[in-house]
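Reviewing the structure listed below.
Counting convention: from 1, in listed order, for ligands and their atoms alike.
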Amino acid sequence: MATIAGPGSFASLRMPAADEDGHDLWLRYRLVSNAERLAQYRTAIAHLVVPGSSPTLGAARDELTRGLTGLLGRAIPIDAAATSTATLVVGTPASSREIAALNLGGRLTAVGNEGFLITSATLRGSHVIAVAANTDVGALYGSFALLRALQTQGDLATLSDSSAPRIQHRIIDHWDNLDRTVERGYAGRSLWDWDHLPDSLPAVYRDYARAEASIGINGVSLTNVNANAKVLTAPYIEKVRALAGVFRPYGLHVYLTARFSAPMEIGGLKTADPLDPSVAAWWKAKADEIYRAIPDFGGFVVKANSEGQPGPQDYHRTHADGANMLADALAPHGGIVLWRAFVYSNVPAQDRIKQAYTEFKPLDGKFRDNVLLQVKNGSLDFQPREPFHPLFGAMPKTPLALELQITKEYLGEDTHLVYMGAYYEEVLKSDTRVNGKGSLVADVIDGSLHGYRQTAIAGVSNVGTDRNWSGSHFNQANWYAFGRLAWDPTASSERIAEDWTRMTWTNDDAAVRTIVHMMMTSREAVVNYMEPLGLVHMMGTDHHYGPAPWVKNLRPDWTPVYFHRADTIGIGFDRTVTGSNAVAQYSPEVARHFGDRDSVPDAYLLFFHHARWSDRTRAGLTVWYDLVRHYYAGVDSVVAMRREWHTVQSTIDARRFRDVDDFLAIQEAEAKWWRDAALLYFGTFSRMPLPARFAPPPRTLDWYMKLHCPADPAKPRCPEIYKLYLTR
Ligand code: GCU
């Protein structure tokens, strides 16, 4: 039962919350439940003044009307000018006489092109709240921030906000194919309905843009990094133009993935050699064509010479040759190239994770001004936990963009409740030490450490046609947290979780505390039940679902055994001087920290060291015992999350409560699967028994190894596991 104040009265009445399907995301705008706050908001905001005819100010007006009507439970008239007290005025000094009259001067200048100020003021004797910006899109971002303050039931009396993004290009990367399948997508089909574009523009496109603008995202790359050249043909450019038209009022720039061999595939050329003048001319003409249709086109995202994709190395050219050629085509229009550093060659190397650094470090300073190198958070591939990528801090003359994964390819896909905000914060706060203590990854990517001329961050989308957008209600939090941290990489993921919870679920303080606690513990839980103590890459081949630490008969650096290296002596990949020496890619202090058995954190132990089973971890336990302990702790955390979820039932609508509850049951079953399969397997090497306090697995190793899950790679499900473990 939720406490809801009826519109027009301050009385609270108890009624069941109406069922929701999650489609409204964090933009639900339900009536403010706290009667005192509702009264305050109604007194302060009775009129709205958002003059200006631009589509972006129109979007701000629409959003405020929708939001305030819902939150305050009554219509808010839109006035031409602030003539009555209790008015909310929104705009720029150019669009609004009221904002101009406030003379915000240096305070406003300081927030730059996309920032905003929220302030209270007296204007011609009337009390007003002002959302002021230098640009229309800044005013839109400020409008969303004001709505957030009301959604989270903040105190207007103390509300004064001044905010500007610390990163310039804040981009969502869709790995969407033109046939509407989504690579590593777990939320239905691609939102982009290419067959019906450009003629049909369903409302969901605008809602998508609203959601992105609400978290400050200003770029969207529409297509898979494993690119299809067809998206660069004239009919598709027309389709992209139509989407860009819907997104434009919300400040969203469109990017496309550029397949390096496109000049051959759709241009009829015999080569895609970046130093061939006909190839450069083709790309230049292609860029001109795109910009004629989409003048604010963002640029190209490129995956080249990685996992079989074409690239400049096919012609014995460097990544810089390839990136610069594309950059030259985009430069006259102000576009950028996001050249991905996720590369590893087709020939297995001594240590796969060293390759990106080995290839790109020598190219520092060799890229054009409008090239950014897009680097995944870790040197392997979005594992539940990885140390930060050694390229961060190593490329002072080349702007590095951070690529994070929002879709949880390796962290339980759609079903598992894992709050990625905590993960992103761990990456952003990692200390590269390149310019002494406090040279954080966040400082690298916001440009402050090396004085980068451009800055960017990209998140691989988890959005699809599912009614709730993200495959599960809690996965929405990861989209939300990515946007908020892209705007401010120094922000606290816990604070962001609290805002999201209040906007998405409830403002009941006890329930908020519980849900935030679940979210904040969820990340460590998944690490513990999948890949504790620095283990990585133990999942099933190709589909990446479920445990398969025993897989070995593939290309070596695609197999779990290559990464965990378990034997009768110990476990872990020696990346110190006695092994692959990957630690040497970090700054000397970090290299020492990770490379020394006495200082390496347990969380990265087996990533950098081959430890004996009987060695002691920093926790003072044997490696075997500590491994077991972590796996069991992971499952226990999921059991605790299920219990916690039940304590908030009365504050949440029945439908979404049940959706989450069902997925938590699956998560618990799959966590047990991971734990039992992994420990039975590693036990064959350690030859140590499971300590008596831990309940033994219900099946043999052979049983787990013979499971064929998932039957359909596109559907991460394992009925046998549910039958064995699922409890209600
Ligand atoms: C991972 C993922 C691929 C993806 C690749 C990339 O390997 O499994 O599907 O294409 O990353 O980031 O390029």
Side-chain angles (χ1 to χ4, degrees), residues 171-179 181-187 190 221-228 231 255-261 300-311 313 319 322-323 337-346 348-349 352-353 355-356 359-360 372-384 386 389 391 400-414 420 423 427 456-464 482 530-531 536-546 548 551 554-560 562-563 710 713-716:
I171 305 171
I172 295 286
D173 282 4
H174 288 257
W175 284 358
D176 293 15
N177 297 311
L178 301 184
D179 64 2
T181 56
V182 180
E183 176 137 357
R184 310 306 176 187
Y186 312 98
S190 166
S221 176
L222 297 173
T223 44
N224 193 354
V225 287
N226 299 317
N228 185 336
V231 79
Y255 296 73
L256 291 174
T257 48
R259 184 162 165 86
F260 206 76
S261 50
F300 292 137
V301 177
V302 188
K303 172 176 179 176
N305 293 121
S306 170
E307 301 187 323
Q309 294 298 308
Q313 293 175 345
H319 284 290
V337 174
L338 290 148
W339 192 269
R340 296 178 79 236
F342 177 72
V343 296
Y344 60 96
S345 74
N346 290 328
R352 174 177 144 185
I353 70 149
Q355 292 193 32
E359 286 194 32
F360 284 101
L372 294 97
L373 197 60
Q374 185 164 309
V375 184
K376 287 188 184 183
N377 58 274
S379 52
L380 184 52
D381 193 6
F382 299 138
Q383 296 301 292
E386 285 181 55
H389 202 301
L391 277 172
L400 298 188
L402 170 63
E403 180 177 306
L404 296 164
Q405 202 181 43
I406 307 172
T407 191
K408 306 195 320 296
E409 174 181 355
Y410 300 101
L411 294 97
E413 290 111 14
D414 52 348
M420 297 296 286
Y423 185 122
V427 175
I457 185 166
V460 180
S461 166
N462 67 353
V463 163
F482 171 79
M530 284 188 182
E531 299 181 339
V536 286
H537 205 288
M538 304 233 301
M539 66 292 159
T541 308
D542 293 336
H543 48 71
H544 296 174
Y545 167 73
V551 169
L554 291 170
R555 171 185 161 152
D557 58 356
W558 284 351
T559 62
Y562 170 92
F563 288 100
K715 295 204 182 77

With no hydrogens and no angle check, do the side chains of [X] and [Y] hold a donor and an acceptor under 3.5 Å apart?
| X | Y | answer |
| --- | --- | --- |
| Asn377 | Tyr423 | yes |
| Gln405 | Arg184 | no |
| Glu359 | His319 | yes |
| Asn462 | Thr407 | no |

- Query: Do any heavy atoms of Tyr410 fall under 4.0 Å from ligand 1?
  - Reply: yes
- contact_flag His544 ligand 1 heavy-atom lt 4.0 Å: yes
For [atom], what's the nearest protein heavy-atom neighbour? Residue, atom name and distance, please.
| atom | answer |
| --- | --- |
| atom 8 (O) of ligand 1 | Glu409 OE2, 2.5 Å |
| atom 13 (O) of ligand 1 | Lys303 NZ, 2.6 Å |
| atom 3 (C) of ligand 1 | Glu183 OE2, 3.3 Å |

- Task: For Trp175, take its heavy atoms, then give the atoms of ligand 1 lying under 4.0 Å from any of them.
- Result: 4 (C), 6 (C), 11 (O), 12 (O)
- Query: Hey, which atoms in ligand 1 end up nearer than 4.0 Å to a heavy atom of Val225?
  - Reply: 13 (O)
- Query: Would you say Ile457 and Leu404 make side-chain contact, with heavy atoms under 4.5 Å?
  - Reply: yes
- Any idea which of Leu380, Asn224, Val343, Asp381 brings a heavy atom closest to atom 1 (C) of ligand 1? Asp381
- Closest to atom 11 (O) of ligand 1 among Arg184, Lys376, Glu307 (heavy-atom distance): Lys376
- Task: May I ask you to identify, for Phe382, whether its side chain, its backbone, both or neither come under 4.0 Å of ligand 1 on a heavy-atom basis?
- Result: neither
- Message: One residue to check: Asn226. Relative to ligand 1, which of side chain, backbone, both or neither has a non-hydrogen atom less than 4.0 Å away?
- Response: side chain
- Task: Going by the side chain to side chain contact (heavy atoms under 4.5 Å, CB included) test, name the single residue among Asn177, Leu178, Asn228 that passes it with Thr223.
- Result: Leu178
- Report the relative orientation of the aromatic rings in Tyr410 and His544; use parallel for angles under 30°, tilted for 30 to 60°, perpendicular for over 60°. parallel
- Query: Where does the angle between the aromatic ring planes of Trp339 and Phe260 fall among parallel (under 30°), tilted (30 to 60°) and perpendicular (over 60°)?
  - Reply: perpendicular
